[in-house]
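This report concerns only the one structure given below.
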Amino acid sequence: MTTTEVPPPAVPDDEVVEGPTLTHAADIERRIGRGKRLSKRIRRLIVLLHRWVSFALLAWVVVISLTGAWLVFGPAFDSWLHRDRFATTSGDVGPAAALAAVTDDELPQAGEGAYVYSTVLPRNGRGVYQVNVAVPLDAEGLEERYLTYFVDPGGGGVNGVQDEEEGFSHWMLRGHEALWQDHGVLNVFHPDDGWCRPDGDGAEPGGPKGVVCDVIPDGLDLIGWFAVGFFFILTSGFYLWYWPNVRRWATALVIKRGRGRFQFHLSLH
């Protein structure tokens with residue numbers, strides 16, 4: 001009995017599927033290697049930016065903390081440094097007499113259009129009346145100068161006056177609000193001699209110079225850029241510490257003890 005071998009059915013050429021060859025495997029390995037090297041470079045760049053941006057913003061936090069502490073305790077410091085303003089005698093002439101001492105004698109000399117906008121009683125003014133006065137600097141009243149008069153509650157006389165835009169406390173306030181850059185970085189927006197100052201008609205610089213001046217932060221815009229920096233620190237730190245090694249998530253809030261000072265400080269961080 002003879003058997004006849006039946007050949008397998010022919011497969012069209014366009015349906016032939018070839019397995020991976022050595023050349024294909026080498027290409028895949030090279031692509032994976034390039035991807036890993038690129039990922040490591042990006043990670044090193046993020047580490048570098050995260051570190052130095054953190055140092056810069058840490059310096060800003062130190063300035064904000066120190067200036068804020070001074071502003072909180074500023075009235076107490078002023079009462080120690082300027083004792084003559086807080087000198088008192090026995091008795092109390094009353095708030096009406098204290099207000100009249102400022103409006104009748106001091107207000108006309110303060111400037112045209114000056115007015116009293118608030119009065120602080122002795123129990124809240126460290127023993128004296130504090131009469132707050134605003135002096136308009138332009139016809140529209142958009143800009144004002146602020147003065148504080150200290151009145152002795154016993155004698156009813158004015159002990160002294162403080163310009164709110166002068167002195168060390170105002171300098172600390174400028175640092176707290178805008179890092180002493182209230183006219184822009186390096187005073188580029190200063191109305192007198194700033195590089196980006198408006199012309200005599202009040203028009204802003206145009207052309208390429210105007211584009212550069214629009215990019216430069218001025219005043220409180222600088223604080224907004226610091227907020228962007230903090231957002232970058234948070235997101236980049238989250239990536240560097242928790243991603244892609246998700247196993248660290250389980251021990252993210254564990255304080256590691258007994259493994260050395262470095263590991264203890266790192267877990268606190």
Side-chain angles (χ1 to χ4, degrees), residues 49-86 110-111 114-121 123-138 141-150 159-198 213-237 269:
L49 292 175
H50 179 85
R51 178 184 305 157
W52 289 107
V53 172
S54 299
F55 284 144
L57 294 184
L58 177 61
W60 174 64
V61 170
V62 171
V63 172
I64 292 297
S65 301
L66 294 177
T67 55
W70 177 272
L71 294 174
V72 169
F73 299 102
F77 297 150
D78 286 339
S79 66
W80 299 339
L81 298 174
H82 304 281
R83 296 181 180 274
D84 54 330
R85 297 175 182 173
F86 298 88
Y115 64 94
V116 176
Y117 65 90
S118 68
T119 301
V120 180
L121 299 179
R123 62 174 176 267
N124 295 323
R126 295 190 174 274
V128 297
Y129 287 100
Q130 297 185 20
V131 181
N132 299 313
V133 174
V135 183
L137 298 179
D138 53 16
L142 299 178
E143 295 185 7
E144 293 180 329
R145 174 168 161 252
Y146 299 100
L147 306 173
T148 299
Y149 291 88
F150 302 87
N159 292 334
V161 59
Q162 177 185 359
D163 191 334
E164 298 297 334
E165 295 186 1
E166 294 180 357
F168 185 73
S169 293
H170 178 67
W171 185 79
M172 295 292 278
L173 177 63
R174 291 178 52 230
H176 188 76
E177 290 183 343
L179 287 180
W180 300 283
Q181 306 298 317
D182 35 356
H183 290 297
V185 179
L186 301 178
N187 283 331
V188 295
F189 294 99
H190 197 280
D192 297 330
D193 55 0
W195 186 67
C196 295
R197 66 184 183 277
C213 292
D214 289 338
V215 175
I216 299 176
D218 60 331
L220 296 179
D221 292 344
L222 186 65
I223 307 302
W225 282 107
F226 280 118
V228 174
F230 272 115
F231 179 77
F232 169 77
I233 290 176
L234 293 175
T235 54
S236 60
H269 175 76

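Atoms NE2 and OH, on His170 and Tyr146 in that order, are 12.0 Å from each other to the nearest 0.5 Å. Between the CZ atom in Phe168 and the CZ atom in Phe77 there is a gap of 9.5 Å [rounded to 0.5 Å]. In this structure, Arg174 CZ and Thr67 OG1 are separated by 12.0 Å, a value rounded to the nearest 0.5 Å.
His183 approaches His190 most closely through the heavy-atom pair CD2-CD2, 3.6 Å. Counting all heavy atoms, side chain and backbone alike, Ile216 lies closest to Cys196 at CD1-SG, 4.5 Å.
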Item checked: Step-by-step side-chain contact (heavy atoms from CB on, under 4.5 Å) determination, Arg126 to Phe150 -> CA-CA 10 Å; Arg126 295 190 174 274; Phe150 302 87; over 6 Å; no
Note to self: Go through it in stages, so that I can follow the logic: the residues are Leu121 and Tyr129, the test is side-chain contact (heavy atoms from CB on, under 4.5 Å), and I'd like the CA-CA distance, side-chain angles, deciding distance and then a yes or no.
What the structure shows: CA-CA 5 Å; Leu121 299 179; Tyr129 287 100; 3.7 Å; yes
Next item on the list: List the steps, then state whether side-chain contact (heavy atoms from CB on, under 4.5 Å) holds for Leu179 with Phe226.
Entry: CA-CA 11 Å; Leu179 287 180; Phe226 280 118; 3.4 Å; yes
Next item on the list: Go through the steps to decide whether Asp84 and His82 satisfy the test side-chain contact (heavy atoms from CB on, under 4.5 Å), and finish with yes or no.
Entry: CA-CA 5 Å; Asp84 54 330; His82 304 281; 3.8 Å; yes
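At least one side-chain heavy atom of Gln130 sits less than 4.5 Å from a side-chain heavy atom of Phe86. Counting heavy atoms from C-beta outward, Tyr149 and Val116 have side chains that stay 4.5 Å or more apart.
Within the structure, every pair that satisfies the side-chain hydrogen bond (donor to acceptor under 3.5 Å, both in side chains) test and touches residues 223-236, not counting sequence neighbours, is listed here: His50-Ser236.
Checked against Asp163 for a side-chain contact (heavy atoms from CB on, under 4.5 Å), the options Leu147, Thr148, Val135 give a single hit: Leu147.
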